[in-house]
Amino acid sequence: MGGWAIAVHGGAGVDPNLPLERQEQAKVLLTRCLNIGISALRSSLPAIDVVELVVRELESDPLFNSGRGSALTEKGTVEMEASIMDGHGRRCGAVSGVTTVKSPVSLARLVMEKSPHSYLAFSGAEEFARRQGVEMVDNEYFITEENVGMLQLAKEANTILFDYRIPTVGFDKCSAVVENPLQMNGLPISVYAPE
Amino acid sequence: TVGCVVVDGEGRCAAATSTGGLMNKMSGRIGDSPLIGAGTYACEVCGVSCTGEGEAIIRGTLAREVAAVMEYKGLGLQDSVDYVVKERLDQGKAGLIAVSRNGEVAYGFNCIGMFRGCATQDGFMEVGIWE
């Protein structure tokens, strides 16, 4: 047996001009989450509990695109999704389109543990959350000033952005913000046409 | 998007992913994160969590692919991650983190940077953003 191991991520596709202090904030958060996971592993918590614990922590911090600090829809609202899977028995749970559940990953865990299904979405997921008594908050809780500004930029550029922090001053060549026609993730929408 | 993969002291793997999705996305859009086998996967062999362009990750069934390459091609964890990131994304941009039941940890990405951190029981710990 090789002992325990843990990895966390906060998103891929980073603005090459991300200010240094933002980079430091990200590293501090990643380090904090790693340490939460490491102390849980040292206390012999099973892997499934540790991944839920760490992702809950990441969801609660507005720095990354999940939970509080989630990206906004074209309507300026938040629709979150999450999944969790236990390799021991390959059990899994997932939710999509949740708007008032404070921790989507914990609701996904409840889908795995307390429902006959592996995936619940939108109003069904919200109804299940109410029945399970999980903590629920207004959609505003998840919306940050910064993301309202980012949505404005994306709309002006007529584009859809994945985890990309476009620079606030001008758009350099690396940014995912592009001119018409409508693009997704910096690629012509035709790339996804098959979808 | 955020994610965590863990193998515990008993060699059991698990994975979890959570996201707000794409900025300016259509309401009702579902990405890779909640799709088992695409954004998240765990089995006896490994645990995987992906991030990046959801549509590319879904089409490549990226998370399950790492486990499949380990099972059917017999590659190690990092080689499997490198193979899948290189061969399964077409023009898409994404990244992933993974652990194996042997206590290994690995990650890979083909875009500019990925916020990630990893640690193992023998004391290794790394937090990074760029290549």
Side-chain angles (χ1 to χ4, degrees), chain A residues 1-14 16 23 26-27 30-31 34 38 41 46-48 50-52 54-55 58-59 64-66 70-75 78 80-88 90 92 94 96 104-105 150-151 154-155 160-163 185 191-192 195, chain B residues 1-9 11-27 30-31 33-34 36 39-44 47 49 51-53 55 91 93-95 97 99 102-105 107 109 111-122 125 127 129:
Chain A
M1 197 61 67
W4 55 254
I6 180 172
V8 295
H9 73 72
V14 184
Q23 294 183 39
K27 289 180 178 175
L30 290 166
T31 304
L34 271 184
I38 289 168
L41 284 161
I48 188 69
V50 179
V51 294
E52 181 188 1
V54 170
V55 171
L58 286 162
E59 286 174 337
F64 293 137
N65 170 18
S66 73
S70 282
L72 305 181
T73 68
E74 59 189 356
K75 298 173 182 164
V78 162
M80 300 169 287
E81 47 198 13
S83 63
I84 190 167
M85 187 160 189
D86 185 354
H88 187 60
R90 271 186 286 151
C92 58
S96 276
V105 74
M150 287 278 292
L151 177 62
K155 283 186 176 302
I160 296 164
L161 295 174
F162 64 101
D163 288 352
N185 307 324
V191 166
Y192 300 98
E195 300 301 300
Chain B
T1 307
V2 300
C4 180
V5 290
V6 166
V7 55
D8 60 28
R12 293 171 303 202
C13 299
T17 312
S18 181
T19 188
L22 299 172
M23 190 63 78
N24 199 21
K25 69 182 178 184
M26 293 168 68
S27 189
I30 287 176
S33 299
I36 297 297
T40 303
Y41 187 73
C43 59
E44 304 300 331
S49 173
T51 175
E53 295 173 10
E55 281 69 10
Q91 292 175 292
K93 298 293 181 193
I97 55 173
V99 290
N102 308 321
E104 301 162 297
V105 66
Y107 60 83
F109 54 96
C111 44
I112 300 175
M114 176 165 84
F115 295 111
R116 81 273 177 181
C118 36
T120 54
Q121 187 164 344
D122 59 8
M125 185 161 175
V127 171
I129 298 174

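Quick note on labels: first sequence line is chain A, next is B, and so on, each numbered from 1. What you are looking at is a predicted structure, and each value in this text was computed from that prediction instead of being measured. No hydrogens, no waters, no symmetry mates; every other heavy atom, side chains included, goes into these values.
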Chemist: So does B:Gly31 get a backbone contact from the side chain of A:Glu81, meaning a donor-acceptor N/O pair under 3.5 Å?
Modeler: yes

Chemist: Would you say B:Thr40's side chain and B:Ile36's backbone share a donor-acceptor pair under 3.5 angstrom?
Modeler: no

Chemist: Which one, A:Leu58, A:Leu72, A:Val55, A:Ile48, leads in non-hydrogen pairs under 4.5 Å with chain B?
Modeler: A:Leu72

Chemist: Any idea which of A:Pro104, A:Gly87, A:Ala94, A:Cys92 has the most non-hydrogen atom pairs under 4.5 angstrom with chain B?
Modeler: A:Gly87

Chemist: Pick from A:Ala26, A:Ser96, A:Ala47: which one has the most heavy-atom pairs with chain B under 4.5 Å?
Modeler: A:Ala47

Chemist: If only atom types and distance count, is the side chain of B:Asp8 paired as donor or acceptor with the main-chain N or O of A:Pro46 below 3.5 Å?
Modeler: no

Chemist: Quick one: which of B:Lys25, B:Met125, B:Gln121 has the most heavy-atom pairs under 4.5 Å with chain A, could you say?
Modeler: B:Gln121

Chemist: Chain B: which of A:Glu52, A:Met80, A:Lys75, A:Gln23 shares the most heavy-atom pairs with it under 4.5 Å?
Modeler: A:Gln23

Chemist: Can B:Cys4 and A:Ile6 be said to form a side chain to side chain contact (heavy atoms under 4.5 Å, CB included), step by step?
Modeler: CA-CA 7 Å; B:Cys4 180; A:Ile6 180 172; 4.0 Å; yes

Chemist: What option among B:Pro34, B:Gly47, B:Ala14 has the most heavy-atom pairs under 4.5 Å with chain A?
Modeler: B:Pro34

Chemist: Is the backbone N or O of B:Ile129 less than 3.5 Å from a side-chain atom of B:Arg116, with the two atoms forming a donor-acceptor pair by type?
Modeler: yes

Chemist: So which of A:Thr73, A:Asp86, A:Val105 has the largest heavy-atom pair count under 4.5 angstrom toward chain B?
Modeler: A:Thr73

Chemist: Ignoring hydrogens, what is the shortest heavy-atom contact between A:Val14 and B:Met114? Give both atom names and the distance.
Modeler: CG2-N, 3.9 Å

Chemist: Would you mind checking which part of B:Tyr107 comes under 4.5 Å of any heavy atom in chain A, side chain (CB onward), backbone (N, CA, C, O), both or neither?
Modeler: neither

Chemist: Which region of B:Val99, side chain (C-beta onward) or backbone (N, CA, C, O), has a non-hydrogen atom less than 4.5 Å from a non-hydrogen atom of chain A, or is it both or neither?
Modeler: side chain

Chemist: Who among B:Ala94, B:Ser49, B:Ser27, B:Gly39 has the most heavy-atom pairs with chain A under 4.5 Å?
Modeler: B:Ser27

Chemist: Relative to chain A, which of B:Cys118, B:Ser33, B:Gly117 shows the most heavy atom pairs under 4.5 Å?
Modeler: B:Gly117

Chemist: Determine yes or no for a side-chain-to-main-chain donor-acceptor pair under 3.5 angstrom, with B:Thr51 supplying the side chain and A:Ala12 the backbone.
Modeler: yes

Chemist: Where on A:Val78 is there a heavy atom nearer than 4.5 Å to chain B: the side chain, the backbone, both, or neither?
Modeler: neither

Chemist: So for A:Ile38, is it side chain, backbone, both, or neither that comes closer than 4.5 Å to the heavy atoms of chain B?
Modeler: side chain

Chemist: Checking A:Leu41 against chain B: side chain, backbone, both or neither under 4.5 Å from a heavy atom?
Modeler: side chain

Chemist: Using the test salt bridge (Lys or Arg N to Asp or Glu O under 4.0 Å), find all partners of A:Glu59 that sit at least two apart in sequence or belong to another chain.
Modeler: none

Chemist: Quick one: does any side-chain atom of A:Asn65 pair with a main-chain N or O of A:Ala71 as donor and acceptor, under 3.5 Å?
Modeler: yes

